[in-house]
Each structure stands twice: as structure tokens, then as C-alpha cells.
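Let me begin by presenting the structure, written as C-alpha cells, before commenting on it.
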There are 2 protein chains.
Amino acid sequence: MSEPPRPPNKRTTIYQVALEAGVAPSTVSRAFSRPSRVNADTAERIRQVAERLGYRTSPLARALTTSRTRIVALVIADISNPVFTEMVRGAQEAANDADYTTVLIDAQESDRLERTALERALPSVDGIVLASSRMSDSTIRWFSKQRPVVVLNRAIPDVPCVVTDNPQGARRAAEHLAELGHDHITYVSGPEASWANGIRWRSLLEACIELKLKVRRIGPFSPNIEGGETAVEELRRRPTTAVLTYNDLMAIGLIRGLDRLGAKVPADISVIAFDNIVVGEIVTPRLTTVAAPLFAEGAAATKHLLTMIDGAPARTGQPMVLPVRLVVRDSTARRRTGR
Amino acid sequence: MSEPPRPPNKRTTIYQVALEAGVAPSTVSRAFSRPSRVNADTAERIRQVAERLGYRTSPLARALTTSRTRIVALVIADISNPVFTEMVRGAQEAANDADYTTVLIDAQESDRLERTALERALPSVDGIVLASSRMSDSTIRWFSKQRPVVVLNRAIPDVPCVVTDNPQGARRAAEHLAELGHDHITYVSGPEASWANGIRWRSLLEACIELKLKVRRIGPFSPNIEGGETAVEELRRRPTTAVLTYNDLMAIGLIRGLDRLGAKVPADISVIAFDNIVVGEIVTPRLTTVAAPLFAEGAAATKHLLTMIDGAPARTGQPMVLPVRLVVRDSTARRRTGR
DNA sequence: GTGAAAGCGCTAACAC
DNA sequence: GTGTTAGCGCTTTCAC
């Protein structure tokens with residue numbers, strides 16, 4: 001009832017292979033490590049015996065002696081946000097190529113849950129990729145003292161980071177809206193704990209000053225569809241013709257909310273978002289958005305993490321910046337003149 | 001360059017705690033296991049010392065002796081399919097409540113990748129939940145001989161399974177369409193490797209016979225938006241007024257494709273899907289769909305897995321069936337009479 | 001209730 | 001290149 005009588009699930013050990021092959025256990029071990037420092041034919045014989053006996057090296061025991069598990073943790077802010085799926089794919093590809101396994105941790109937009117889950121995973125992983133972490137800088141630094149850490153979508157001094165070119169993205173968005181005749185942009189904020197949210201807003205601010213556009217900010221709101229719908233209330237009190245949202249999901253919610261109020265996008269209001277998730281292409285109107293190279297982000301972060309695990313120095317200093325591009329679709333249009 | 005000079009990352013060991021607390025290592029071990037078979041005050045003293053020294057029990061070493069890692073693997077068919085996010089949440093909640101960690105494996109709709117990833121994870125997990133597995137029955141049985149396995153969205157004899165009430169769902173869908181005046185339903189197939197796809201089709205077939213509706217099937221197509229778009233080609237060659245798709249994503253793609261061809265949903269064609277993912281509510285038209293209790297599925301499967309890990313007998317025999325309900329939204333309408 | 005000793009399966013260090 | 005020895009940090013008999 002209480003303690004599990006689980007069958008120990010007998011596995012063939014390195015000793016049985018050694019015995020059968022007529023060599024020492026250490027030789028078997030060497031035959032299975034790379035580079036295999038064993039005579040070619042001895043290695044072959046060992047391999048055959050191992051095969052026949054169904055021997056599989058125990059990652060647990062190996063980890064206990066080497067203190068390396070060949071597992072990396074990938075923490076994402078919210079598994080329900082499609083923005084992470086491509087990142088995950090990129091990270092997994094990079095990890096698999098290097099013979100590493102990825103474990104995914106869903107922070108559920110909570111710094112507390114993120115921290116708890118990560119603490120629990122910490123002892124069994126060789127390194128950590130933090131994608132859009134909601135934890136504080138100091139907590140992240142604390143983790144980075146225990147294990148190699150690479151941060152994605154965020155810049156923290158002294159911790160290696162991979163970010164997208166948010167300033168360029170915000171600027172391209174502003175330019176696009178300006179070209180369409182808009183002279184006032186409203187930024188719809190995502191979570192305050194999001195570093196990307198801060199930089200996106202500040203970059204927009206700067207771009208608008210330079211382009212001589214008026215700009216203001218509302219929020220913060222949840223970085224999802226409901227958040228966007230909520231934002232409509234505030235937007236209604238302070239009308240505008242052009243909006244930049246923290247991410248695609250919020251733009252989708254915003255457009256829905258506006259629609260309910262009878263305001264049409266893009267006829268009445270132009271909307272631009274960030275990220276370029278797949279659904280942005282299937283909603284009506286299709287979203288104009290600042291596209292991030294999601295797969296590449298995940299891959300780049302993981303690759304750098306793996307070099308750190310192999311002893312390379314952390315790339316501190318400037319974060320690695322990945323380019324963005326503006327994808328113009330149907331949620332932006334020329335500002336209506338007159339009324 | 002080749003071998004990692006990783007700092008061994010000194011952790012406090014059970015010996016240091018034992019020394020400091022003036023007890024034997026085994027006593028420390030006992031103090032940290034439940035139920036703690038140690039004098040209450042001794043236990044308290046040990047706990048304090050441990051706390052002070054920052055002692056954390058090593059899951060690796062523990063796993064090596066107990067052969068239990070307190071990790072369960074959750075394999076999902078495709079991380080980009082939102083249908084899995086709630087299942088994952090449900091599974092994680094159940095696991096966390098029992099002090100287990102979940103590792104997520106994305107099979108990327110490939111039985112080969114699924115198998116490879118799972119084989120690699122196998123030695124380090126106590127059990128496996130297979131959500132919408134694309135592997136063959138025999139492969140799944142093979143895994144279930146190595147470790148406790150619970151299968152989600154699929155029924156396999158002699159392996160414990162959690163499924164939704166697909167027959168009831170298909171029937172409700174057919175009834176709904178019949179009530180709207182449709183007398184012919186086209187089923188748009190998902191992947192052949194999907195068990196759910198098979199049962200959904202067969203159930204529809206039965207329901208239609210009973211309700212005296214005509215029915216046919218097209219496909220198979222990929223279980224995603226592109227798959228739905230592709231299906232339009234075939235649908236065009238064999239027109240219909242009512243469609244049931246394997247899942248929501250395909251319905252979304254199908255509706256887009258129809259739209260491009262000038263056919264309107266629901267005016268010209270009614271569409272019903274399965275699953276009830278969140279985006280089904282935000283697309284235009286909003287999807288009518290057979291809603292599955294996604295969170296509950298994940299939780300139920302994981303809970304049963306945990307009992308098996310604790311030595312309870314596998315619930316073979318009949319699969320656990322969870323109820324579905326038809327959510328009527330805007331993608332279905334009364335059949336146009338005349339032309 | 002607690003201590004001593006043995007060992008989980010593997011790798012590292014040192015001989016030869 | 002290969003064998004020998006000594007653990008990694010913990011749990012688990014078996015005594016007492």
C-alpha cells in the first residue's frame with residue numbers, strides 16, 4: 001500500500017559483459033566511451049557480446065561518477081503560447097545533434113512555479129536554457145552559478161544571452177505605420193516581468209521620437225488572448241489609429257475585442273504585433289507582425305549552452321542578437337483621412 | 001577541446017551532515033525518507049544541520065540504489081498542436097502533486113523519432129504516458145514490458161488506456177448535422193497511425209447508418225492546418241454540405257481553403273471538428289466541435305500511471321472512458337434548401 | 001531506534 | 001592497450 005514493491009527490472013551490467021568477453025569491466029567502459037581507447041578488435045568483440053546480452057549503459061550510474069547527465073533543461077514561460085513551439089524544436093535539434101536530451105519545463109507564467117520546477121530539475125541537468133524567464137535577474141544569476149545557463153529573449157549582464165533585434169523590430173513597425181499615415185502609436189504592454197516587453201516599449205519610444213510620431217503605452221496585460229481583449233477597455237477610453245502589441249496573441253485578442261465593439265481592423269485601427277506565430281496567419285485579418293527567427297533562437301541558445309557545458313567560457317559581454325523582419329499582412333492599412 | 005573540464009560542483013553529502021549531527025549516514029538517510037523511522041528529535045536535529053549545510057539529497061545517487069527516479073515521461077505526438085497543452089498541464093499537476101517530475105517528449109508526428117527519444121529516456125524514468133502515440137501496438141507493448149505505461153487517446157489490449165468517448169462524440173456530431181437538415185456527411189481523415197482517427201470514422205459510420213445519413217471518407221491528411229487545406233482539393237471533386245474533421249486544426253485549414261475557393265462556412269458547408277482547442281474559439285467562424293476533457297485526460301492517465309509505479313496492478317480490460325460534449329458555435333448551420 | 005558494512009553500475013586513477 | 005583498485009552518494013540489509 002505504501003512502499004512500492006517495484007520489480008527491480010534487471011538490466012545486464014557491465015560486469016556480465018566483461019566476464020563474457022573475457023576483459024576487465026574498465027575495458028568495457030572504455031569501449032563504450034568516445035573516443036574508444038581500445039583495440040579495434042577487442043572493441044568489436046565487446047560490442048558483439050554487449051549486443052547479444054542486451055547491455056545498455058546506465059545513464060544514472062554514469063552520471064553518478066562523471067557528474068554529467070547529458071540532459072539539458074529548457075524552461076519556457078508558457079506552454080500554451082505557440083511562440084515557444086519553434087524554439088523548442090530548435091533547441092531539441094541542437095541538443096539531439098550533440099547526443100543530449102532536452103527536458104521541458106513549463107513555468108506557467110509564474111516566477112514561483114518556474115523556480116520550484118527548476119530547483120527540482122537542477123541536480124539532474126548539465127545546463128539550462130531559460131526562454132522568456134519571468135524570474136528576477138538575481139535568481140537567474142543564482143542558477144547560473146550552479147550550472148551553465150543561457151538566457152533567451154532577455155539580456156542580463158554576465159549571463160550569456162540570445163535576443164532578437166527588438167529595437168530594429170520596433171523601428172520597422174513604427175516606420176511602417178508612419179508610411180501608412182499614422183502619427184500616433186499606442187503600445188499595448190505585456191507582463192512587467194518580461195524583459196522583452198520593456199525593450200520593445202523603449203525601442204518604440206525612441207523610434208517614435210526620431211520619426212516624430214506621438215506614442216503612449218497602456219497596460220500591463222496578460223501576454224495572451226484574454227490580455228488583448230482586456231486591453232480594449234483601456235484602448236476605448238483613449239482612442240488611437242495604430243497599435244503595437246507585445247505579442248501576437250495579444251493582438252489577436254485585441255482585434256477580437258475591437259470587433260465586438262464595432263471597430264474594424266485594419267479599416268479603423270491598424271495593429272502590429274511581435275513574434276510571428278503560426279496562428280497569426282490564420283486569423284482574420286491576418287496579422288502584420290515583427291517576425292522573430294524562433295527556431296534559430298532555440299538552436300543558438302542551446303548550441304552555446306553545450307559549448308559551455310564542454311568547458312568553453314560563457315559568452316558574456318554583449319548578447320547574441322538575431323535579426324527580425326517585418327511581415328506585412330492584413331492588420332495594417334493606410335489611415336483613413338477625414339472621417 | 002574534447003573532454004570537458006567541468007568543475008565537479010561540490011555538493012554537501014550525506015556524510016558531512018551525519019558527521020555534523022553526530023549520527024550515522026544511514027540515520028540521515030532514514031530521516032529523509034518517508035515515513036522517517038527516526039526519533040522525532042533526532043530527525044529534527046538532522047534536518048537543522050542539513051538545512052544549515054545546504055544539503056540536498058542527490059536524486060542520481062538515490063536512483064542508483066532504489067532504481068526509482070521519480071520522473072515520468074509524457075510523450076506527445078506534436079508539440080505544435082495546441083490540443084496537448086491542456087493535457088500536459090493536467091499530467092504535470094497530477095505528477096507534481098505526487099512529488100514526481102514530468103519530462104516532455106515531442107514525437108513530431110514520427111513513430112521513429114518517438115521511439116528513439118523514448119528509448120533514450122527509458123532508463124531514467126519510472127513510467128510513461130503515451131499521448132496520441134504514433135507507434136505500433138507491438139512497440140508500445142514492448143515498452144510496457146520495461147516500464148509502467150499508460151496510453152492516452154488510444155486503446156490497446158492489455159495496456160491501460162484512457163480515451164474519450166469518441167463514439168458518443170461522433171454520434172452527437174451526426175445528430176447535430178441531421179437536425180440541421182444535412183443528409184450526407186464527409187469525414188476528413190487524420191493520420192492513419194492515429195487510433196483516434198480510426199474510431200472516429202467508424203463511430204461516425206455507425207451513427208450515420210442508424211440515423212439514415214449518407215457518409216463517406218476522404219484522406220488521410222496531416223492532422224494540422226495544412227492538412228485541412230489540402231483536403232479541400234479532394235472535397236471539391238466530391239462536393240458535400242457537411243464535414244466532420246479528425247481535429248480542430250484540420251477544420252481550421254479546411255475552412256481557410258474553402259474560403260479561398262469562395263465556399264462559405266457555414267452558409268455553404270457545415271464543419272464540425274474534434275478536440276475543442278482554444279484557437280477554435282478565435283477563428284472565423286468559431287468552430288463547432290466535439291470537446292474533449294483535455295486536462296482531465298492528462299491527469300487521469302498520470303494518476304493511474306503513478307499507482308502502477310507504486311505497484312498497483314495495471315488497469316487492463318476496458319479502457320477508462322472520459323465523456324465528451326458537443327460545443328455548438330458558428331461553423332455549422334441549417335442546410336440551404338433549393339439552391 | 002541506530003550503527004556498521006556492503007554495494008547499486010559505472011568511471012577514473014594508477015599501474016603494468 | 002588493459003587490468004586493478006577505489007570510490008561517486010546514497011540505501012539497505014543485518015546486527016545490536
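Just so it is clear: chains get the letters A, B, ... in the order the sequence lines come, proteins before strands, and each one is counted from 1.
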Reckon A:R37 has a side-chain N or O less than 4.0 Å from the OP1 or OP2 of D:dG1?
no

Test: B:D78 and B:R134 ion pair at under 4.0 Å: no

* **Base of D:dG9 paired with side chain of B:R56 (donor-acceptor, under 3.5 Å)** => no

**Request:** Indicate, with a heavy-atom threshold strictly under 4.0 Å, whether B:F32 touches base, sugar-phosphate, or nothing.
**Result:** nothing

* Kindly say if B:T66 contacts the phosphate of D:dT11, meaning a side-chain N or O under 4.0 Å from OP1 or OP2. => no

Original post:
Base, sugar-phosphate, or nothing: which does B:V28 touch, judged by heavy atoms less than 4.0 Å apart?
Top reply: nothing

### Message
If only side-chain N and O atoms count, and only distance matters, is there a donor-acceptor pair under 3.5 Å linking B:T69 with B:D126?
### Response
yes

Check your understanding: Quick one: the side chain of B:Y15 and the base of D:dC8, do they pair up donor-acceptor inside 3.5 Å?
Key -> no

Taken to the nearest whole Å, CZ/B:R62 to C1'/C:dG9 is 18 Å

note: B:Q16, atom CD; D:dC10, atom C1'; distance rounded to Å ~ 14 Å

Between CG of A:L19 and P of C:dG9 the distance, given in whole Å, is 15 Å

message: Should the side chain of A:S26 and the base of D:dT4 be counted as holding a donor-acceptor pair, with the cut-off at 3.5 Å?
response: yes

Taking NZ, NE, NH1 and NH2 as the nitrogens, is one of them in B:D310 or B:R68 under 4.0 Å from a carboxylate oxygen of the other? yes

OP1 or OP2 of D:dC8 less than 4.0 angstrom from a side-chain nitrogen or oxygen of B:T13, does that happen here?
no

TODO: Mind checking A:T42 for me? I need base, sugar-phosphate or nothing, with any heavy atom below 4.0 Å counting as a touch.
DONE: sugar-phosphate

Picking from C:dG9, D:dC10, D:dG1, the nucleotide nearest the side-chain atoms of A:L64 would be C:dG9

From the candidates D:dT12, C:dA13, D:dG9, the one with an atom nearest any side-chain atom of A:R30 is C:dA13

Residue pair B:D41/A:P25 against DNA chain C: nearer the 5' end by closest nucleotide is B:D41

Between A:E51 and A:R47, does at least one N-O distance fall below 4.0 Å, as a salt bridge requires?
no

Does any donor atom in the side chain of A:T164 or A:E297 lie under 3.5 Å from an acceptor atom in the other side chain?
-> no

Whole-Å distance, B:I14 CD1 to C:dG3 P, equals 12 Å

(Q) Please determine whether a side-chain nitrogen or oxygen atom of B:T65 lies at a distance below 4.0 Å from atom OP1 or OP2 of D:dG9. (A) no

Taken to the nearest whole Å, CZ/A:R68 to P/C:dA12 is 10 Å

